[in-house]
Amino acid sequence: MHDIRSLRADPQAFDAAMARRGLGGQSQVILALDAERREAIQRVEAALKARNERAKAIGMAKAKGDTAEVERLMASPVDDIAAATSEQLARSEAALNDTLSALPNILDAEVPEGADETANRVLHQHGEPASLPFKPREHFELGEALGLMDFESAARLSGSRFVVLKGALARLERALGQWMLDQHTGQNGYTEVSPPLLVNAATLYGTGQLPKFEEDLFRTDDKFLIPTAEVPLTNLVAQQIIAEPIAPLRFTALTPSFRSEAGSAGRDTRGMLRQHQFYKVELVSITRPEDSDGEHERMTGCAEAILTALGLTWRRLFLCAGDTGFGAARTYDLEVWLPGQQAWREISSCSNTRDFQARRMNARFKRGKDSVFVHSLNGSGVAVGRALIAVLETHQREDGTIAIPAVLQPYMGGLTQLG
RNA sequence: GGAGAGGUGGCGGAGUGGUCGAACGCGUCGGUCUCGAAAACCGAAGUACUCGCAAGGGUACCGUGGGUUCGAAUCCCACCCUCUCCGCCA
């Protein structure tokens, strides 16, 4: 959500910021709505003032027992402009709100220009894509050959974009999630949270999924399945005035994420790269404004450490303007190298939303006598399903067995390989 | 799911139609007193929007949204949430 005051103060800057997102001039329309709204407020409040004065006078006359005065006042004309104007006020207020809440966050000045992912900038890389002495297989070939990955059953149970994992592979998924969670709570100072997986519309509005991206969500009668634990974790501070977060509030959770994948029909249909449901360990930080940039680097580092410890090859991307998500001011993506697919694939996305979400959810802290909007950040630390894929493809051997990374072996009952 | 009770300011808790943004207590902040502190006493203090250069006005907010009324924290309706009991249930 944008601050109408700063927009008023510098409309050109606002338009320039939206232009980086490929959006045409917005400020004219918004300022017109704002002027309309404020003008309506004036009229409504004037009418209300007149009404209040009259009512108060009647009350005083009655208290004095001055029935003549009461009757005179009751007979005096009432200002009925209020009804029409208040409707107009409600309309322009709603229009202004709808417009503002559908506009994406203002990008950080350092975000690379560019319309799509081809303009993303690689910041650094860990390891080199390995040239294996045999033809590496894709994760679903490996999983199915082991008899531990079953797409047919999943399709029968649920439809496309689901998978059934079995035996040691199911355990490996669990091990990944447990181990990552333990890293973040044990080494990185995050507090583990077990949040609701169904949330209401206000909560999704707070983090920015609503109103614009409803089609990406699964919903029940009156609730939505979370598309990421970012939603409940960040909203923990919604509507709150918390103590000043001198040290950032850090939350982590291992949850399923549910995504309708509307609009991605036909993409990544083989295997478990793009599913309607997947586990993810999420990281969320709530900070003071002056701390959020540093926290963003730290958070991304926490995710990178996970990938390194798993023996994966990865790189950090600085997403360009056109590829940065709706709520983010700046985003780093982490990509892992998938030998079977011979491609870099996203496994984590870490964003600083600054006060964009905080404004939507009215999350503040007290500084002196002022209430200041917090900054909120979120990042995957990391996607469990995709980490599973990366582990399979990276640590596969020619005979189809898979070496289990040392850090996971304690979580696998000492098992050192699959197959 | 059924029956009942209830949701008021940071907290507790009054207030059932009129000058109520709301008594009182606690807590908070400032002051007096004190070497200092405590106690006591005095005083201050909500949030948002809006008009204004400012000083300072105005409006709204007593779970949420409607309604009745000249006027609503107070009356009516719907919904949400909490608690108690019953039923069901992992």
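When reading the values below, keep in mind they use all heavy atoms of this one structure, side chains included, and skip hydrogens, waters and symmetry mates. Proteins get letters first, then strands, A, B, ... in listed order; numbering begins at 1 in each. These numbers were taken from a predicted model, which means no experiment stands behind them.
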- Task: May I ask you to decide if the ring planes of A:Phe162 and A:His276 are parallel, tilted or perpendicular, using 30° and 60° as cut-offs?
- Result: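 Correct class here is tilted.
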- ring pair (Phe, Tyr, Trp, His ring centres under 6.0 Å) between A:Phe318 and A:Tyr332, intermediate numbers included: CA-CA 5 Å; A:Phe318 192 173; A:Tyr332 297 132; 5.5 Å; yes
Spacing of the [atom1] atoms in [M] and [N] (rounded, Å):
N     : M     : atom1 : answer
B:A23 : B:U8  : P     : 16 Å
B:A14 : B:G30 : C1'   : 28 Å
B:U69 : B:C76 : C1'   : 12 Å
B:G63 : B:G6  : C1'   : 11 Å
B:A72 : B:G17 : C1'   : 7 Å
B:U68 : B:G9  : C1'   : 28 Å
B:A40 : B:C26 : P     : 8 Å

- Task: Could you walk me through whether A:Ser351 and A:Asn378 pass the side-chain hydrogen bond (donor to acceptor under 3.5 Å, both in side chains) test, one step at a time?
- Result: CA-CA 5 Å; A:Ser351 298; A:Asn378 62 83; 4.6 Å; no
- Message: Suppose we define a pair by two distances each less than 3.5 Å, Watson-Crick or G-U wobble; what does B:A39 pair with here?
- Response: none
- Name the pairing partner of B:U59, where a pair is Watson-Crick or G-U wobble with both distances under 3.5 Å, or state none. B:A48
- Query: In whole Å, what is the span from the CZ atom of A:Arg38 to the C1' atom of B:U59?
  - Reply: 16 Å
- Determine, using ring centers only, whether A:His375 and A:Phe356 are less than 6.0 Å apart.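 Not close enough - the centres of the two rings lie 6.0 Å or further apart.
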